[in-house]
**Student:** 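This is the structure, below, for whatever I ask next.
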Amino acid sequence: MRAPVCVTVLVWLLSDARQFTEEEMSAVRQRIKSMFYHAYNSYLDNAFPYDELRPLTCDGQDTWGSFSLTLIDALDTLLVLGNQTEFQRVASLLQDTVDFDIDVNASVFETNIRVVGGLLSAHLLSGRAGMQLEPGWPCSGPLLRMADDAARKLLPAFQTPTGMPYGTVNLLKGVSPTETPVTCTAGVGTFILEFATLSRLTGDPTFENAARQALRALWKTRSDIGLVGNHIDILSKKWVAQDAGIGAGVDSYFEYLVKGAILLQDEELLNMFLEYDRAIQNYTRFDDWYLWVQMHKGTVSMPVFQSLEAFWPGLQSLLGNLDSAVRTFQNYYSVWRQFGGLPEFYSIPQGYTVDKREGYPLRPELIESAMYLFRATGDHTYLQLGLDALESIEKITRTPCGYASVKDLRDHQLDNRMESFFLAETIKYLYLLFDPAHFLHGGAAEGDGSWEEGGEDGQCVLGAGGFIFNTEAHPLDPAALYCCSRHAQDRQELRDILLSLPKEKKKTRSKPAAKHTEDPPHGPSESIALKPGEKKTPPLLSCPVQPFSARLSILGQVFTDNT
């Protein structure tokens with residue numbers, strides 16, 4: 001049955017694809033920039049310093065932690081769009097105003113992907129933004145220290161008998177004694193990108209070790225047929241929700257195994273994913289849709305497509321599985337064309353939305369897959385999806401104060417929320433889809449000057465392409481990880497050699513060796529916005545501290561590190 005479907009898809013791609021000229025793509029990029037600034041300026045004017053904009057009432061609300069989340073999440077998008085000036089201003093503002101030492105319950109998962117990931121990405125892009133760089137950058141810098149601070153607030157969540165983290169942590173007090181031990185699979189397995197990046201940039205292995213321990217513990221809980229469920233008790237290792245699939249509650253776990261393998265050149269992570277993928281293809285795939293099945297038996301439990309699953313074709317393209325990715329993408333694209341967006345749940349047998357799951361909160365996943373598949377195939381069908389998405393978002397969700405989530409795709413009712421991922425992911429992937437020569441893709445041609453120097457004495461080549469996006473679309477540069485970890489390894493090897501030398505020889509060589517291996521001083525970082533002679537004021541929390549109730553979210557997680 002799949003062979004005729006494949007032929008149909010290929011004919012559809014070749015016959016219906018409109019060819020976009022560079023002039024047309026440039027015009028679309030300008031429209032996307034206008035969308036971004038309408039949403040971004042609306043947040044600044046009406047919602048800052050709250051976490052998110054409420055676009056129907058033109059005000060703000062705290063959602064995931066009370067630290068100006070939208071501003072952190074959108075910071076690297078500013079540079080992706082070419083706005084160095086605003087990037088510098090916001091980077092300085094965040095250094096002066098955001099404080100993570102607050103009595104707030106935060107999602108370990110969301111704080112990691114949005115805050116830690118956003119700060120790490122902005123740190124790694126600081127050179128391109130024209131910011132003043134510390135000696136040894138990217139192995140040091142104020143945004144890196146902020147990311148370290150935020151991540152350390154999450155580490156107490158990992159202090160469990162299994163190493164799997166709690167879903168929520170108080171940034172000031174740690175894990176509450178009454179915190180539920182039940183969390184989603186993605187909330188356990190979505191840390192290796194940010195934590196390994198942080199460890200390799202700073203030389204502190206604590207973060208990467210915590211993420212790896214959680215991954216290995218989760219790996220051991222898979223069923224006899226090789227599947228994992230949706231929610232697990234992190235203390236007893238018992239599965240509370242036993243639905244297995246690739247969507248909400250699980251999605252980014254699989255994503256991080258693949259991307260972690262690429263970022264870290266790690267065979268263990270890749271082998272984990274490949275074994276999962278065999279089970280996924282055997283038990284959950286039906287005619288290029290992926291259903292939900294019982295994790296132990298493989299019987300269908302929910303014949304639905306979830307909007308979060310739309311990342312899968314893009315992930316498949318990273319592994320070279322283009323044939324499967326193209327066919328699955330076409331199924332998902334057909335749903336978008338039916339509604340002007342992807343409903344959270346879509347019944348495959350009925351071909352319609354699922355009751356109480358008809359909304360579209362401006363998610364990026366289908367656009368994300370379109371970007372990857374366009375890069376892999378050059379087929380302009382994916383640009384057409386991008387234009388369709390742009391038109392839908394403009395016509396359905398635009399308000400005088402930004403863009404609103406769609407409460408019901410059947411009648412296009414709006415909801416009073418604009419999540420930070422709209423600026424971090426949806427706009428970014430849409431822009432990058434129409435900018436194949438962007439430096440994040442490796443530049444227009446070999447040797448076009450898209451790379452930069454970094455590390456001690458400028459000995460590292462950074463940003464030459466191959467960026468890995470975390471699940472919040474924050475790009476991470478593998479070369480930076482290698483640069484910093486290589487210097488740290490070299491220093492350690494030299495120390496080991498010196499310590500192993502006989503005492504008399506060691507004395508004669510200790511001085512120059514110490515001088516050679518001395519780390520650059522890390523003094524207090526001055527905001528780039530300060531003028532010469534100005535004194536930096538102590539960091540103040542500009543976000544009003546309000547009671548924050550932890551919510552059990554499908555993707556909700558927060559971890560802290562007090563080491």
Side-chain angles (χ1 to χ4, degrees), residues 51-52 63-65 67-77 94 98 100 106-125 143 146-155 157-158 164-169 171 183-199 207-208 210-211 214-215 218 247-260 263 308 311 314-315 361-365 368 419-429 467-476 550-551 553-561:
D51 280 342
E52 290 179 0
T63 52
W64 295 112
F67 27 61
S68 304
L69 180 62
T70 294
L71 210 54
I72 296 176
D73 228 1
L75 180 53
D76 57 16
T77 307
L94 292 174
V98 173
F100 299 112
S107 160
V108 178
F109 173 90
E110 298 290 353
T111 303
N112 176 54
I113 66 170
R114 303 196 198 202
V115 177
V116 178
L119 291 170
L120 284 173
S121 175
H123 163 71
L124 292 173
L125 295 175
L143 294 176
M146 285 185 70
D148 183 286
D149 187 22
R152 290 191 185 279
K153 292 293 183 179
L154 303 177
L155 281 180
F158 289 81
M164 293 188 284
Y166 284 98
T168 306
V169 71
L171 299 183
T183 189
C184 67
T185 307
V188 175
T190 309
F191 297 94
I192 191 64
L193 291 185
E194 297 83 4
F195 275 28
T197 297
L198 192 54
S199 282
F207 304 102
E208 183 172 349
L215 282 176
L218 186 58
V250 186
D251 52 351
S252 54
Y253 170 43
F254 296 138
E255 178 186 1
Y256 272 42
L257 290 179
V258 174
K259 291 182 175 179
L263 181 73
L308 283 169
F311 84 101
L315 191 69
L362 303 173
R363 292 198 188 279
E365 282 74 18
E368 173 187 0
E419 288 222 42
S420 67
F421 59 65
F422 177 64
L423 295 178
E425 297 186 77
T426 308
I427 292 289
K428 185 184 293 159
Y429 282 134
F467 287 85
I468 302 297
F469 293 90
N470 85 335
T471 198
E472 192 77 2
H474 295 306
L476 303 172
R551 298 182 301 172
S553 166
I554 287 179
L555 293 181
Q557 298 290 336
V558 180
F559 64 90
T560 32
D561 174 9

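FYI, the numbering just counts along the sequence from 1.
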**Student:** For Ile72, what residues pass the side-chain contact (heavy atoms from CB on, under 4.5 Å) criterion, not counting sequence neighbours?
**Tutor:**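 Listed in chain order: Leu94, Val115, Leu119.
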**Student:** In Å and rounded to the nearest 0.5 Å, what is the CD to CG distance from Glu472 to Asn112?
**Tutor:** 10.5 Å
**Student:** Any side-chain heavy atom of Leu257 within less than 4.5 Å of one from Leu215?
**Tutor:** yes
**Student:** Would you name the heavy atoms of Ala186 and Asp251 that are closest together and state the gap between them?
**Tutor:** CB-OD1, 4.2 Å
**Student:** Hey, could you give me the CG/CG distance between Leu75 and Leu423, rounded to the nearest 0.5 Å?
**Tutor:** 11.5 Å
**Student:** Please round to the nearest 0.5 Å and tell me the distance separating atom CZ of Phe422 and atom CD1 of Ile427.
**Tutor:**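 Atom-to-atom, Phe422:CZ and Ile427:CD1 are 4.0 Å apart.
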**Student:** If you define the side chain from C-beta out and look only at heavy atoms, does anything of Glu255 sit under 4.5 Å from Val258?
**Tutor:** no
**Student:** Tell me every residue that passes ring pair (Phe, Tyr, Trp, His ring centres under 6.0 Å) with Tyr253, counting only those two or more places apart in sequence or in another chain.
**Tutor:**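 Ring pair (Phe, Tyr, Trp, His ring centres under 6.0 Å) check on Tyr253 returns Tyr276.
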**Student:** When rounded to the nearest 0.5 angstrom, what distance separates CG in Leu193 from CG in Asn470?
**Tutor:** 6.5 Å
**Student:** Restricting to ring pair (Phe, Tyr, Trp, His ring centres under 6.0 Å), what partner residues turn up for Phe311, sequence neighbours left out?
**Tutor:** none
**Student:** If I take atom OG1 from residue Thr111 and atom CG from residue Leu69, how far apart are they, to the nearest 0.5 angstrom?
**Tutor:** 8.0 Å
**Student:** Kindly write out the residues that satisfy side-chain hydrogen bond (donor to acceptor under 3.5 Å, both in side chains) with Glu425, not counting sequence neighbours, or none if the list is empty.
**Tutor:**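 Expected list: none.
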**Student:** Using a 4.5 Å cut-off on heavy atoms from C-beta on, say whether the side chain of Leu263 contacts that of Lys259.
**Tutor:**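 The answer is no; the side chains never approach within 4.5 Å.
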**Student:** Restricting to non-hydrogen atoms, name the atom on Gly260 and the atom on Ile192 that form the minimum distance, rounded to 0.1 Å.
**Tutor:**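 Reported closest heavy-atom pair: CA-CG2, 4.4 Å.
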**Student:** Output all residues satisfying side-chain contact (heavy atoms from CB on, under 4.5 Å) with Ser199, sequence neighbours left out; order by chain, then residue number.
**Tutor:**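 In terms of side-chain contact (heavy atoms from CB on, under 4.5 Å), with neighbours along the sequence ignored, Ser199 is linked to Phe207, Glu208.
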**Student:** With a 4.5 Å heavy-atom cut-off, do Pro475 and Ile468 have their side chains touching?
**Tutor:**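 Sidechains of Ile468 and Pro475: no contact.
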**Student:** If you compare all heavy atoms of Val116 against all heavy atoms of Ala150, which two are closest, and at what distance to 0.1 Å?
**Tutor:**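 In this case the closest contact between Val116 and Ala150 is CG2-CB, 4.0 Å.
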**Student:** Within this structure, what is the OH-OG1 distance for the pair Tyr256 and Thr190, rounded to the nearest 0.5 Å?
**Tutor:** 6.5 Å
**Student:** Is there side-chain contact between Glu419 and Leu362, with at least one heavy-atom pair below 4.5 Å?
**Tutor:** no
**Student:** By salt bridge (Lys or Arg N to Asp or Glu O under 4.0 Å), which residues pair with Asp76, not counting sequence neighbours?
**Tutor:**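 For Asp76, the residues satisfying salt bridge (Lys or Arg N to Asp or Glu O under 4.0 Å) (neighbours in sequence not counted) are Lys428.
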**Student:** Where do Pro165 and Phe191 come nearest, in terms of heavy atoms and distance?
**Tutor:**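 Nearest pair, atom of Pro165 first, then Phe191: CG-CE1, 4.0 Å.
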**Student:** Do Trp64 and Ser420 have side chains that get closer than 4.5 Å, going by heavy atoms?
**Tutor:** no
**Student:** Going by heavy atoms in the side chains, are Met146 and Phe100 under 4.5 Å from each other?
**Tutor:**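 Met146 reaches Phe100 side chain to side chain.
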**Student:** Are His474 and Leu120 side-chain neighbours, meaning at least one heavy-atom pair lies under 4.5 Å?
**Tutor:** no
**Student:** If we ignore hydrogens and angles and just use 3.5 Å, is the side chain of Asp51 paired with the main-chain N or O of Phe67 as donor and acceptor?
**Tutor:** yes
